[in-house]
Amino acid sequence: MLMQDTVHYDINGSDAEEEWESTFPRGEGFVYLGPERRRFGLSTFHQMHCLQKIRHALTSGNVGTHTTHCLTYLRLMVLCRSDLQLEPVLDEAQEVSWLDVDWSRERECKDWGQLYEWLGKNTDEYEGWSGNEQDIPV
C-alpha cells in the first residue's frame, strides 16, 4: 500500500460523515464466536471508533470522558504496535518537524477486503442464529 494524502476523510464537510462511516463494516466491527455467540470487538474498529470520537470532539468542541478514553487508548495502541519503518526527512534544515517527513512510502498492510468479507459472513451467521436482524447489539 502506498500511503498518501487524500481529499477524503476530512474533519468536517459535506462528505466527511459518510466517508468516515464507510470505514466500518456491517456489524460495526463486532464478531460473534462460539456456541453462545459471545460478542467481541476487533481492536481495529475500536481504534476507528476512537478516531471518529476525536473528530466529533474537534468539530463540536465537546470533549468528554469518552474522548479522553479514546486518546489514551490510541496512544497505547501506537506504543503497543509500534511501526518501526524509517521515514526519510524531506529537507535537511536545522529545525525539522514531522511535517518534513516523507510518509508516502510503500507499506505492507493487511488485506482489508478479506477482513470485511469475513466480518460480513460472521454477522450473517449471527443474524441467522439469533433469528432476528434487529437483535444485533451495537
Side-chain angles (χ1 to χ4, degrees):
M1 172 183 198
L2 183 61
M3 295 178 61
Q4 56 193 352
D5 269 327
T6 179
V7 297
H8 299 284
Y9 303 99
D10 215 350
I11 291 175
N12 59 15
S14 59
D15 296 329
E17 197 65 35
E18 186 176 327
E19 287 176 338
W20 279 93
E21 283 300 321
S22 75
T23 61
F24 290 93
R26 258 178 27 79
E28 301 296 312
F30 292 99
V31 295
Y32 304 88
L33 303 174
E36 297 302 314
R37 305 300 195 265
R38 184 171 172 205
R39 184 168 65 141
F40 295 88
L42 272 73
S43 179
T44 297
F45 296 106
H46 187 178
Q47 293 168 44
M48 292 300 288
H49 160 81
C50 280
L51 285 175
Q52 278 276 54
K53 201 69 177 152
I54 292 166
R55 184 179 72 81
H56 286 140
L58 287 170
T59 58
S60 71
N62 183 13
V63 178
T65 56
H66 194 150
T67 305
T68 303
H69 151 78
C70 281
L71 280 171
T72 299
Y73 180 71
L74 290 174
R75 179 181 58 82
L76 293 173
M77 289 298 98
V78 168
L79 291 171
C80 178
R81 298 181 177 147
S82 296
D83 180 352
L84 300 178
Q85 180 167 338
L86 296 174
E87 298 175 329
V89 175
L90 297 172
D91 184 72
E92 296 299 324
Q94 291 285 93
E95 304 263 339
V96 177
S97 78
W98 284 106
L99 295 175
D100 300 318
V101 172
D102 178 9
W103 56 274
S104 64
R105 310 290 261 172
E106 210 168 290
R107 307 230 178 199
E108 187 175 323
C109 295
K110 297 194 173 28
D111 184 342
W112 294 105
Q114 287 182 349
L115 175 62
Y116 280 68
E117 185 179 326
W118 181 79
L119 285 167
K121 286 178 183 176
N122 181 268
T123 298
D124 290 342
E125 289 172 7
Y126 176 75
E127 288 173 354
W129 176 80
S130 69
N132 185 345
E133 290 185 24
Q134 302 305 317
D135 284 349
I136 297 177
V138 287

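Predicted model only: the values in this text are computed from it and were never measured.
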[Y] backbone acceptor or donor facing [X] side chain under 3.5 Å:
X	Y	answer
Arg55	Ile11	yes
His69	Thr65	no
Thr72	Thr68	yes
Asn122	Tyr32	yes

Would you call [X] and [Y] a side-chain contact if the rule is heavy atoms closer than 4.5 Å?
X	Y	answer
Leu74	Ile54	yes
Asn62	Thr67	no
Arg26	Leu119	no
His56	Glu17	yes

Over 12 foreign heavy atoms within 6.0 Å of [atom1], [X]:
X	atom1	answer
Leu86	CG	no
Glu36	CD	no
Glu18	CD	no

Notebook entry, point to check: Shortest non-hydrogen contact from Gly113 to Asp111?
Noted result: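 Closest approach of Gly113 to Asp111, heavy atoms only: N-OD1, 3.0 Å.
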Transitive ILVMFWY side-chain link [X] to [Y], under 4.5 Å:
X	Y	answer
Val78	Leu51	no
Leu42	Phe40	yes
Tyr73	Trp20	no

Rounded distance [0.5 Å steps], CD in Glu125 versus CZ in Arg37
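So the CD of Glu125 and the CZ of Arg37 are separated by 7.0 Å.
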At what distance, to the nearest 0.5 angstrom, does OG1 of Thr23 lie from NE2 of His49?
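Rounded to the nearest 0.5 Å, the OG1-NE2 separation comes to 11.5 Å.
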**Q.** Verdict with reasoning, Arg75 to Leu71, per side-chain contact (heavy atoms from CB on, under 4.5 Å)
**A.** CA-CA 6 Å; Arg75 179 181 58 82; Leu71 280 171; over 6 Å; no
Exercise for review: Measure from NZ or CZ of Arg39 to the centre of the six-membered ring of Phe30 and say whether it is under 6.0 Å with the direction within 45° of the ring axis.
Suggested key: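 Yes, cation above the ring, under 6.0 Å and within 45°.
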- Task: Any chance you could lay out the side-chain contact (heavy atoms from CB on, under 4.5 Å) test for Cys50 and Met77, step after step, and finish with the verdict?
- Result: CA-CA 11 Å; Cys50 280; Met77 289 298 98; over 6 Å; no
- Message: Would you say Thr123 and Glu127 are linked by a side-chain donor-acceptor pair, where the criterion is simply a distance under 3.5 Å?
- Response: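 There is no such pair (donor and acceptor under 3.5 Å, judged by atom type) between the side chains of Glu127 and Thr123.
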- Message: Would you call the rings of Phe45 and Phe24 parallel, tilted or perpendicular, taking 30° and 60° as the class edges?
- Response: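 Judged by the thresholds at 30° and 60°, the geometry between Phe45 and Phe24 is tilted.
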For Glu117, is there an ion pair with Lys121 - N to carboxylate O distance below 4.0 angstrom?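 Glu117 and Lys121: salt-bridged.
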